[in-house]
Amino acid sequence: MTAYRLSSGGLLDRSKVLSFTFDGRPLRGFAGDTLASALLANDQLLVGRSFKYHRPRGIVSAGPSEPNALMTLGSGARSDPNTKATVAELYAGLTAKSQNRWPSLGFDVGAVNGLLSPFLGAGFYYKTFMWPRQLWEMLYEPVIRRAAGLGRAVLERDPESYEKSWAFCDLLIVGGGPAGLMAALTAGRAGLRVILADEDFRLGGSLLGETETIDGSPAPAFAERVVAELLSLDNVTLLPRTTVFGWYDDNVFGAVERVQKHVAEPSATLPTERVWRIAAKRALLATGAEERPLVFGGNDCPGVMMASAIGTYAQRYGVSAGKSVAIFTSGSSGYRTARGLVARGVTVSTIVDSRPEATEAAPDGVRVIRSGAIVDTKGRKRLSGIVIERSGFEELIACDALGMSGGWSPVIHLACQRGARPVWSEDLKAFSAPDVGGGLRVVGSANGVYTLSGCLRDGAEKATTIAVELGFNAAEASLPVIENEAEPSFAALWYVPGAKSKAFVDFQNDVHARDLGLALREGFGHVEHAKRYTTSGMATDQGKLSNVNAVGILAGMRGVSPAEVGTTTFRPFYTPVSFGALAGTSRDGHATPTRKSPLHEWARKNGATFVDSGLWFRSAWFPRAGEKTWRESVDREVLNVRANVGLCDVATLGKIEVFGADAAEFLNRLYCNPMLKLPVGKARYGLMLREDGFVFDDGTVSRLAEDQFFVTTTTAMAGAVMSHMDYCAQVLWPDLKVRFCSVSDQWAQMAIAGPKARDVLQQLIDEDISEAVFPFLAARSMVLRGGINARLFRISFSGELAFELAVPAGYGEAVAEQIMEAGRAHGICAYGVEALNVLRLEKGHLTHAEFDGRVTPDDAGLGRMVSAQKPDFIGKHLSARYGLTAADRMQLVGLKPVDRDKDMRAGAHLLKEGMKPSTLNDQGWVSSAGYSPVLGHHIALAFLKSGRERYGEKIVVWDKLRDHEMIAEVCDPAFVDPENKKLKA
Amino acid sequence: MASLITCPHCGVRPKEEFAVRGDASLIRPASSASDAAWHDYVYVRVNPRGRTLEHWHHVAGCRRFLVVERDTVTHEVYSVVDGAAAAREVRR
Ligand SMILES: [Zn+2]
C-alpha cells in the first residue's frame with residue numbers, strides 16, 4: 001500500500017461511509033470525497049489505459065482538466081461513459097468501470113501497441129496503412145478502432161430526464177473560488193441580482209485546498225462563512241455542480257447543472273441535468289488558474305501527478321498520494337505544496353528544482369536539488385523512482401508519488417469563445433485573456449493575480465465597479481487579513497531535455513514531444529496544423545493541461561516566442577455536455593409537436609389508421625372487417641366516393657382570413673391569376689408563384705364579403721404561405737389596408753364528395769343548396785340546423801360533386817357524426833388521405849409532388865391562369881423570361897401502363913424507347929403514381945419533355961434504384977371525367 | 001447572429017423565436033423594370049463583412065418583419081425597427 005487516507009483532516013464527513021465499486025471491487029469512501037479521492041484513498045492509482053499505446057495511466061489532477069481518469073459510471077441504460085473521476089461526487093452504491101482496456105486493467109494486450117509505437121507516430125492516421133486501400137477499410141481501421149477509443153455509448157433508451165431553463169441576472173460569476181466568492185459577497189451586499197455558478201459540489205475553489213489562514217481561521221472556514229452569508233441573501237442564487245460551458249452573443253451564457261448526478265436513486269420529480277441559459281448584464285470570469293505539467297521522460301507513469309493535485313488531495317480529501325512524495329518544480333509553487341504536505345504529515349523526500357537559484361525555503365528535512373532535471377521514471381503500473389540528471393550525472397531517487405509544477409496558466413476559455421484570441425503575457429509567461437469589453441471581465445488568478453489577498457481584492461473591486469455601472473450603491477469592501485501568504489513565481493519550462501523515454505505532452509491522446517518535432521519537420525508547424533497532425537489537444541479534455549506546453553515546445557523548436565505561435569481556437573463547450581442535457585425535454589413525442597385535427601376523435605371512432613404527415617397526424621384509411629391490405633380499404637373508399645358519397649377530414653389545410661379595404665388588391669398581387677373581381681359568394685382556385693416564376697403553392701380563395709376573404713393553402717405550406725403574406729403586406733406593400741390571420745386551428749373542415757353528397761348535406765341545412773342556387777364554386781356562410789355557424793364551399797379535389805364544410809373546431813366531431821348519420825342511407829363512408837390522393841390522381845389534380853419548386857404554371861398545364869392583364873403580381877416579371885417559356889420544358893402528362901398489370905412508381909425517369917439511360921437522354925420523371933380502382937390499372941402523373949404534344953407515344957419508365965422498368969403510354973393527365981361533368985352535377 | 005433581439009413590439013426575446021430572411025436593403029423593382037434589375041433583386045446577394053441590414057421575422061411572437069442592423073463580425077446589434085415602418089421610410 002502506498003497511497004492512503006490520512007488519519008484526520010479534510011473536508012469530509014468521516015461518519016458517513018459510502019460503499020462503491022471499481023471494476024467490480026467493493027471499496028469505501030466518505031461523504032465529501034470525489035470518486036478520484038476515494039480511489040486514491042484505496043490506493044487505486046491505476047485508472048485507465050492510454051488511447052493509442054495502451055500505457056497504464058493514473059490520476060493526474062483533482063479537477064476538470066483530468067486527462068486520464070475517465071470512467072464509465074453506473075450500469076445498463078444509466079451508464080455514463082468518459083466521466084472524469086476527479087469531478088465525480090462519490091455516492092453510496094456508485095459503480096465505476098475503467099475504460100479502454102482488454103481484457104483487464106492490469107493486463108492489457110493492447111499494450112503491444114507500445115512495441116509498434118514507431119509506426120504510430122504523429123500523422124499515422126494519414127500515412128500509415130494508406131496502401132493498399134482495401135486493407136485500410138477491411139482491416140486496419142476496424143482493428144485501430146477497436147484498440148483505440150474511450151468509453152462506449154449506451155444503445156438503450158436514456159431513462160434520465162432533462163430540462164432547460166432561462167435565468168436573468170445583473171451579475172453572473174463563473175467560479176466560486178476566492179475571487180468569485182468575494183465578488184459575489186460585494187455585489188450581493190450592494191443588492192445586485194447575482195448568480196454564482198461553480199462546477200464543484202462544494203463552493204470555495206482553491207480555498208478548500210489552501211494552507212493560508214484568513215482573518216485568523218483556516219481558508220475553508222472562511223469560504224464556509226461567505227457561502228452562509230450568500231445563502232442568506234435573497235438576491236443571490238448559488239449554483240454549485242454547475243459548469244458554465246459557453247459564452248454567447250449578448251452576454252448569454254450556457255451552463256449545465258448536474259441536479260442529481262450524485263445520487264444513486266434519482267428523484268422522479270427532478271431532472272438529472274438542467275441546461276441554463278443565463279442572460280447576464282455583467283459577468284465575471286473567476287475560473288482560476290491551471291497548474292502546468294512538465295514534459296519529461298516517463299512523465300506518464302501512474303503516480304506522477306500535478307503537485308497542486310497532491311496538495312488538494314491531502315488538504316481537502318485527507319488523502320496522501322504516496323508514502324514518499326517528490327516534487328519537480330520550475331517555480332515557488334512546488335515549495336508551497338511541499339510545505340502544505342509536510343504540515344499534513346505527508347512525507348516529502350525531495351524537491352527537484354529546474355532553476356539554478358531559488359529563494360524559497362524547503363521544509364525541514366526535504367532535500368532540494370537545483371538545476372535538476374528528471375529524465376526518466378521507474379515503475380510500470382506504479383511509480384517506484386525517478387532518474388535525475390544534474391551536470392551530466394544521473395541519480396535514482398526512490399519515491400512513489402511525484403508532483404509536477406510547471407507554473408500556472410489562467411483559465412480563460414470562456415473569454416476566448418467569441419473570436420478574441422488569448423494574449424501572450426511575458427510577465428505571466430502564460431496566455432492571458434483578451435480585453436473583451438465590460439460585459440465579461442476576468443478576475444483573480446484567471447486574471448493573472450496569484451496571491452490570495454490579490455484575488456480577494458480583485459473580486460471585491462471589480463464587483464464594486466460593476467455595481468456602480470449598474471447604478472447600485474456599493475459600500476467599500478473590508479478585505480480580510482491573510483497570513484502565510486505565498487507569491488508564486490516560476491520559470492517557463494516547456495520541455496525537460498535529455499528524456500530517456502517518451503515525454504508526453506498530451507496524456508489522453510498519447511502525444512509526446514517528438515511527435516511535435518515530427519509535425520514541424522513535415523511542414524505542419526503551424527499550431528492549428530500541429531494540433532490536427534499530432535492530435536495534441538483534440539481529446540475529450542481539449543488539451544486543458546497540454547496545450548500551453550505544446551505551444552511552448554513548437555515555439556522553442558521554431559525559435560520564436562509563444563506569442564508568435566499563438567493558440568488554437570477556443571470554442572464551446574468548456575467540458576463535454578451530454579446530448580440528453582442539450583436535448584432537454586425535446587425528445588420522443590416532445591421532439592416535434594403532434595398536431596391532431598379537430599376531427600381526430602371522429603376518425604378514431606370510425607377506425608382510422610393514422611399516419612405522421614409533416615407535423616400532422618392524419619387519417620390515412622379506414623379499414624373494415626375482412627380487408628387484409630391497405631389497398632383493399634383504399635380501393636373501396638375510392639369506388640364508394642365515385643358511386644355514392646364519402647366524408648374526408650381536410651382540416652389540416654392552412655386557412656387564412658383576410659380583411660380590409662385593400663384585401664382584394666392584396667390577393668390580386670399575391671396570386672398569379674386575377675382575384676380583384678372575384679364576386680362575393682364565390683370561390684376560385686388560386687396559384688401563388690415565387691418571385692422567380694415557379695409555383696409556390698395552390699389553394700382556394702373565397703370571397704365572403706366585399707372586404708373579407710377566406711384563403712386556403714396546402715397542408716405542407718401553411719406556415720410558409722403565412723410568412724410570405726406577412727412579408728408582402730409589411731415590407732413590399734405596407735400602405736395596403738389589409739389585415740389577416742391564421743384560422744387553421746379555428747375551423748374543422750371536411751369534404752363531402754360523391755354523387756349523393758348534396759342529398760346527404762341538404763339534411764343538415766335548411767337553405768337550398770341545389771345546383772341552381774349553390775352551383776360549382778359557390779362559397780358562403782350559412783347556419784346548420786341546430787344553429788351552428790358554418791361555411792360551405794362547392795369545391796372539389798376529388799373531381800366529384802363535392803362540398804367542403806367548415807364549422808368551428810369544437811363542433812367538428814359532432815357535425816361529422818351527424819353527416820355520417822345522415823349519409824347512412826346513401827352508403828356514406830369515411831375516406832382517408834390515401835383515397836383522397838387516388839381520387840385526385842385519377843382526376844389529374846396536383847399536389848406538391850408535382851409543384852416541387854421546378855414547375856411553372858404552364859409546365860403543370862395551368863398556363864392560362866397566369867394573368868397577362870394584371871400590372872403586377874409576385875413572380876410576374878421573371879415568369880416571362882425565356883427559360884420559363886421554352887417549348888421543350890417538361891410538361892405534365894398522364895401515364896398508363898401498356899401492359900395493364902405493371903405498376904409505376906414516383907421518382908422513376910422517362911426515356912425514349914431504345915435510348916441509354918443518361919442525363920442527356922432524360923425525358924422527364926414520374927411525380928405521382930398509384931392504382932386506379934376505377935380504371936383497374938396503375939396510373940401516374942409525370943413531367944415529360946414537350947409532353948402535351950406527345951399523347952399516345954410509348955415511353956420507357958426507368959427506375960434503376962428499385963430495378964424496375966416498363967413501357968407506358970403518354971396520355972391526358974385527367975384520367976377520369978375530363979369534361980368535368982361529375983364536378984358540376 | 002445574436003442571442004437576444006429586442007423586438008420593438010415584444011421586448012427582449014431569444015433568437016430562436018425569429019426566422020432570418022436576409023438582406024433588408026433590397027427594393028422590389030417595378031414589374032416593368034429590366035431583366036437585369038430583376039435578376040439582381042431575386043438572385044444576387046452580397047455577403048457583407050461588418051454592418052448589415054437584415055429582415056428578421058418574429059415568427060413566434062408578433063409576426064412582424066423587423067429590420068435588424070447588426071455586425072456580421074462582432075455580432076453586435078445596433079438597431080431593431082419595424083419592417084413596415086422602415087419600408088415606408090425608404091419610399092418617402
Ligand atoms: Zn415581436
Side-chain angles (χ1 to χ4, degrees), chain A residues 164 166 168 246-254 277-281 418-420 436-437 439 586 669 672 689-694 719-720 722-736 738-742 867-868 870-883, chain B residues 1-6 9 12-16 18-43 55-67 70-77 82-92:
Chain A
K164 290 185 187 178
W166 278 91
F168 301 84
W247 180 41
Y248 302 95
D249 292 338
D250 305 305
N251 240 28
V252 172
F253 292 80
R277 276 182 289 176
I278 304 170
K281 286 183 187 155
R418 290 176 60 209
V436 289
S586 299
R669 295 184 196 182
C672 72
L689 306 186
R690 302 190 310 225
E691 207 68 277
D692 63 4
F694 294 97
M722 188 69 190
S723 291
H724 175 62
M725 287 171 65
D726 283 336
Y727 183 78
C728 291
Q730 295 170 32
V731 178
L732 299 186
W733 311 308
D735 296 326
L736 287 186
V738 61
R739 289 286 184 273
F740 47 87
C741 70
S742 168
S867 167
K870 287 201 280 184
D872 195 8
F873 57 84
I874 297 289
K876 178 178 166 78
H877 186 96
L878 288 184
S879 61
R881 60 192 154 136
Y882 173 72
Chain B
M1 291 290 254
S3 300
L4 304 171
I5 290 289
T6 304
H9 310 294
V12 180
R13 306 302 307 166
K15 72 163 188 291
E16 288 77 8
F18 298 82
V20 185
R21 185 184 163 103
D23 193 352
S25 63
L26 298 170
I27 294 177
R28 187 172 183 268
S31 75
S32 57
S34 67
D35 283 354
W38 273 97
H39 176 263
D40 283 356
Y41 173 68
V42 173
Y43 293 109
H55 274 129
W56 286 49
H57 190 197
H58 199 181
V59 175
C62 59
R63 304 268 331 167
R64 297 296 291 179
F65 273 88
L66 310 175
V67 175
R70 67 177 193 99
D71 193 304
T72 58
V73 179
T74 64
H75 297 185
E76 187 177 346
V77 174
D82 184 79
R88 284 195 201 97
E89 196 63 37
V90 167
R91 237 146 271 188
R92 211 150 278 149

[X], part contacting chain B, at a heavy-atom distance under 4.5 Å:
{"X": "A:Ala279", "answer": "side chain"}
{"X": "A:Leu732", "answer": "both"}
{"X": "A:Arg277", "answer": "side chain"}

Can you measure from OH (A:Tyr248) to NZ (B:Lys15) and round to the nearest 0.5 angstrom?
8.5 Å
Going by heavy atoms in the side chains, are [X] and [Y] under 4.5 Å from each other?
{"X": "B:Ser31", "Y": "A:Phe873", "value": "no"}
{"X": "A:Glu691", "Y": "B:Trp38", "value": "yes"}
{"X": "A:Phe168", "Y": "B:Val12", "value": "no"}

Contacting region of [X] [heavy-atom separation from chain A under 4.5 Å]:
{"X": "B:Ala19", "result": "neither"}
{"X": "B:Ser34", "result": "backbone"}
{"X": "B:Arg28", "result": "side chain"}

Using atom types as modelled and distance alone, determine if a side-chain donor or acceptor of A:Gln730 lies under 3.5 Å from a backbone N or O of B:Phe65.
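Yes; at least one donor-acceptor contact below 3.5 Å.
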Has A:Asp250 got a side-chain atom pairing as donor or acceptor with B:Ser3's backbone, closer than 3.5 angstrom?
yes
Where do B:Arg21 and A:Asp726 land on the salt bridge (charged side-chain N to carboxylate O under 4.0 Å, His left out) test, with the steps shown first?
CA-CA 12 Å; B:Arg21 185 184 163 103; A:Asp726 283 336; over 6 Å; no
Tell me, with the steps shown, if B:Arg63 and A:Cys741 meet side chain to side chain contact (heavy atoms under 4.5 Å, CB included).
CA-CA 10 Å; B:Arg63 304 268 331 167; A:Cys741 70; over 6 Å; no
Is the shortest side-chain N to carboxylate O distance from B:Arg70 to A:Asp249 below 4.0 Å?
no
With chain B, the option among A:Gly419, A:Ser723, A:Gly719 that has the most non-hydrogen atom pairs under 4.5 Å is A:Ser723
Within a radius of less than 6.0 Å around OH of B:Tyr43, do more than 12 heavy atoms belonging to other residues, nucleotides or ligands occur?
yes
Should we say atom CZ of A:Arg881 is surrounded by more than 12 heavy atoms from elsewhere, each under 6.0 Å from it?
yes
Based on non-hydrogen pairs under 4.5 Å, which of B:His57, B:His55, B:Arg64, B:His39 is most in contact with chain A?
B:Arg64
Establish, from distance only, whether the side-chain atoms of A:His877 and B:Asp35 form a donor-acceptor pair under 3.5 Å.
yes
Nearest atoms (heavy-atom pairs only) where A:Pro734 meets B:Ala87:
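Heavy atoms of A:Pro734 and B:Ala87 come nearest at CG-CB, 3.9 Å.
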